[in-house]
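Every chain is numbered from 1 and lettered A, B, ... according to where its sequence line falls, protein lines coming before strand lines. Just so it is clear, the values below take in all heavy atoms, side chains as well, and ignore hydrogens, waters and symmetry mates.
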Amino acid sequence: MSDKSAARITPRSEDYSRWYLDVIRQGDLAEPAEVVKGSMVIKPHGFAIWEKIQRGLDDMFKETGHQNAYFPLLIPESFIKKEAEHVDGFSPELAVVTHAGGKELEEPYVIRPTSETIIGHFFQRWIESYRDLPLLINQWANVMRWELRTRMFLRTSEFLWQEGHTAHASHEEAKEEVQRMLRIYAEFAEDWMAMPVVCGEKTASERFAGALETYSIEAMMQDGKALQAGTSHDLGQNFGKAFDVTFQNEKGESEYVWQTSWGVSTRLIGGLIMTHSDDNGLVLPPKLAPIHVAIIPILAKNCDENQILSACDNIAADLKKAGINAVCDKRDYKPGYKYFEWEQKGTPMRLEIGPRDLEKNQAMMKGRLDSEKNSLSMDGLAQHVETYLANFQTELFERAKQRRQEATLEVDSYEDFKEVFAGQNSRFVYAHWNGAAETEAQIKEETKATIRCIPLDIDKEPGKCMISGEPSKQRVLFAKSY
RNA sequence: CGGGGCGUAGCGCAGUCUGGUUAGCGCACUUGACUGGGGGUCAAGGGGCCGGAGGUUCAAAUCCUCUCGCCCCGACCA
């Protein structure tokens, strides 16, 4: 296969890794690390996307009163055991440090798979009174989970994430926090990533071990499979009990705190790729694109190179003043080569500036999803670009919603249900379910589809379970998932 | 840990069944010239312990044994 044809990516492909590898090789996004199986390398372009995600979310967290902090990478094994005594269904895939300083350690350390335990440990010291609550902490960090099977971006053994950990004086307040953060994730996914999501509650079998309730945002990838893109947990008093995190309430009584935790990870990058990309490469929403506009100078043999290059520089500078990140690509490659490269990187807009354009006081413009080029006057260029980018952001979201809608259906008979999920097929299917874990397991066994969530925002229309015929309060969301 | 596929140049691959010139091809890379508005052309180059170890043979990328690693499907998934 030639490199050119290998560059074609197929978002609907069943072999999703092929798609990533192509994007990665061509688009310089990332590649699997050679050092540790299943760990990841994020090259600069990919990391710039992550930095934008971080910045966007961080602002939202701070607006809602959260503070960033940092906790240790290594957690004493006893902390994990302490948790296990209180938390049922604990099944760790942990990497453990047993040696340091050339000696075997008395007590091994676990590389954090998540930080509930060590943060619980510090909460216990920090919280004494109801006046110390709520305590709203967020951490940006790396974590490690020794999963049996890794998948690029979606389940790497080491990954970057943010984990919020909060402690509250009442269950009501903790529950509000869980919903608040779920909605912040949904807002971020839709407004920034242009990735429509379904907000809902997880069933008991999909719940975070130790949580009373787990909520998630579920996005649909282009192959119809679901991606859990963020979670928000109501931890109740489970961790408070495990780590003895108590406070004195207004009546002077000692109570365990009510905790929540919530997180999103570099998996979002995977979601972004699999939501928008097409056969020409990545497609990035302007709010997350590291570079908004690639300016390509067109240099002919007998033209004034300096004039063209300085015109390009001026335009880049003007756009930057308007908050648009533009770069002038002065590398010694043919223009066509540069066009393809910037498209593969997902850059929303390209401007070409050559001798003919300078004469006419214009630039040739092409959007990432356009099939044709258009001329754009230099007068008020920044304004035009700004408007274009805003529309592009909206269009990506609408496109993704449209795609999801076309792949979403309500199903009432199990026969039809099985038909929808035959082979590798996946859709978003809303169907009635009797609420029993056995039914859920049977469906998973027979169709590979799982209950992604019990959606919060749909009509609570009662019905009958498609398998048992027993009553159901509302439809739940089924899909195959990553 | 099961089932399937695969390790040959930076990347993607052919060659393996049927052992036999100096191990090939595309892309990428280097140099030069002409070029330059959608992946340029021509010319000349550089780059390989054919994943590793052992065996069979006059002869191994190719056959045999072992081993290491990767990918997909499953199990698993705080």
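- Aromatic rings from A:Phe123 and A:Phe243 are positioned such that their centres are separated by 6.0 Å or more.
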Pairs: protein N or O with nucleotides 30-34 of chain B N or O, under 3.5 Å:
none

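- Donor-acceptor pairing under 3.5 Å, judged by distance alone, is absent between the side chain of A:Arg145 and the base of B:C77.
- Taking atom P in both B:G69 and B:A33, one finds a spacing of 50 Å when rounded to whole Å.
- Taking the side-chain contact (heavy atoms from CB on, under 4.5 Å) definition, one finds that A:Ala311 meets it with A:Leu358, sequence neighbours left out.
- Base-pair partner of B:G47: not found among the strands shown (Watson-Crick or G-U wobble, both distances under 3.5 Å).
- Using a 4.0 Å heavy-atom cutoff across all strands shown, A:Lys338 reaches no nucleic acid atom at all.
- With both ends at atom C1', the span from B:U57 to B:U41 equals 49 Å, rounded to whole Å.
- By the 4.0 Å N-to-carboxylate-O rule, A:Lys81 lies close enough to A:Glu77 to be salt-bridged with it.
- Residue pairs that meet the salt bridge (Lys or Arg N to Asp or Glu O under 4.0 Å) test with at least one member in residues 107-127 of chain A, sequence neighbours left out, do not exist here.
- Taking only side-chain atoms of A:Tyr339, from C-beta outward, the nucleotide of B:G36, B:G38, B:C29 with the closest atom is B:G38.
- The aromatic ring centroids of A:His66 and A:Trp262 lie less than 6.0 Å from each other.
- If you check B:C77, B:G37, B:G39 against the side chain of A:Arg356, the one that comes closest is B:G37.
- For A:Asp244, there are no salt bridge (Lys or Arg N to Asp or Glu O under 4.0 Å) partners, not counting sequence neighbours.
- A:Asn325 meets the side-chain contact (heavy atoms from CB on, under 4.5 Å) test with A:Ile291, A:His292, A:Lys320; sequence neighbours excluded.
- Stacking here means ring centres nearer than 5.5 Å and ring planes tilted less than 30 degrees, and by that measure A:Phe340 stacks onto B:G39.
- Nucleic acid contact class of A:Pro113 (heavy atoms, under 4.0 Å, all strands): base.
- Contacts of A:Tyr109 classified as ring-ring contact (aromatic ring centres under 6.0 Å, His included), with partners at least two apart in sequence or in another chain: none.
- Remark: A:Glu176 pairs with A:Arg180 by the side-chain contact (heavy atoms from CB on, under 4.5 Å) rule, at least two apart or across chains.
- Straight-line distance between the P atoms of B:U18 and B:C11: roughly 31 Å, to the nearest whole Å.
- In this view, A:His168 and A:Thr166, A:Glu173 satisfy the side chain to side chain donor-acceptor pair (under 3.5 Å) rule, not counting sequence neighbours.
- Look at B:C27: its Watson-Crick or wobble partner, with both distances under 3.5 angstrom, is B:G10.
- Look at B:C76: it lacks any Watson-Crick or wobble partner with both distances under 3.5 angstrom.
- Taking the side chain to side chain donor-acceptor pair (under 3.5 Å) definition, one finds that A:His171 meets it with A:Asp234, sequence neighbours left out.
- Figure legend. B:A33 is base-paired to B:U41; pairs are counted as Watson-Crick or G-U wobble with both atom distances under 3.5 Å.
- Within a heavy-atom distance below 4.0 Å of RNA chain B, no residue of residues 212-221 of chain A is found.
- Taking only side-chain atoms of A:Lys373, from C-beta outward, the nucleotide of B:C29, B:G38, B:G36 with the closest atom is B:G38.
- Under the Watson-Crick and G-U wobble criteria, each requiring two contacts below 3.5 Å, nucleotide B:U21 is left unpaired.
- Pairs passing the ring pair (Phe, Tyr, Trp, His ring centres under 6.0 Å) check and including a residue from residues 336-363 of chain A, sequence neighbours excluded, read A:Tyr333-A:Tyr337.
- At a cut-off of 3.5 angstrom, the base of B:G36 holds no donor-acceptor pair with the side chain of A:Glu305.
- Using a 4.0 Å cut-off on heavy atoms, none of the residues of residues 436-452 of chain A approach RNA chain B.
- Nucleotide B:A60 forms no Watson-Crick or G-U wobble pair with any nucleotide shown, as no partner meets the under 3.5 Å limit on both distances.
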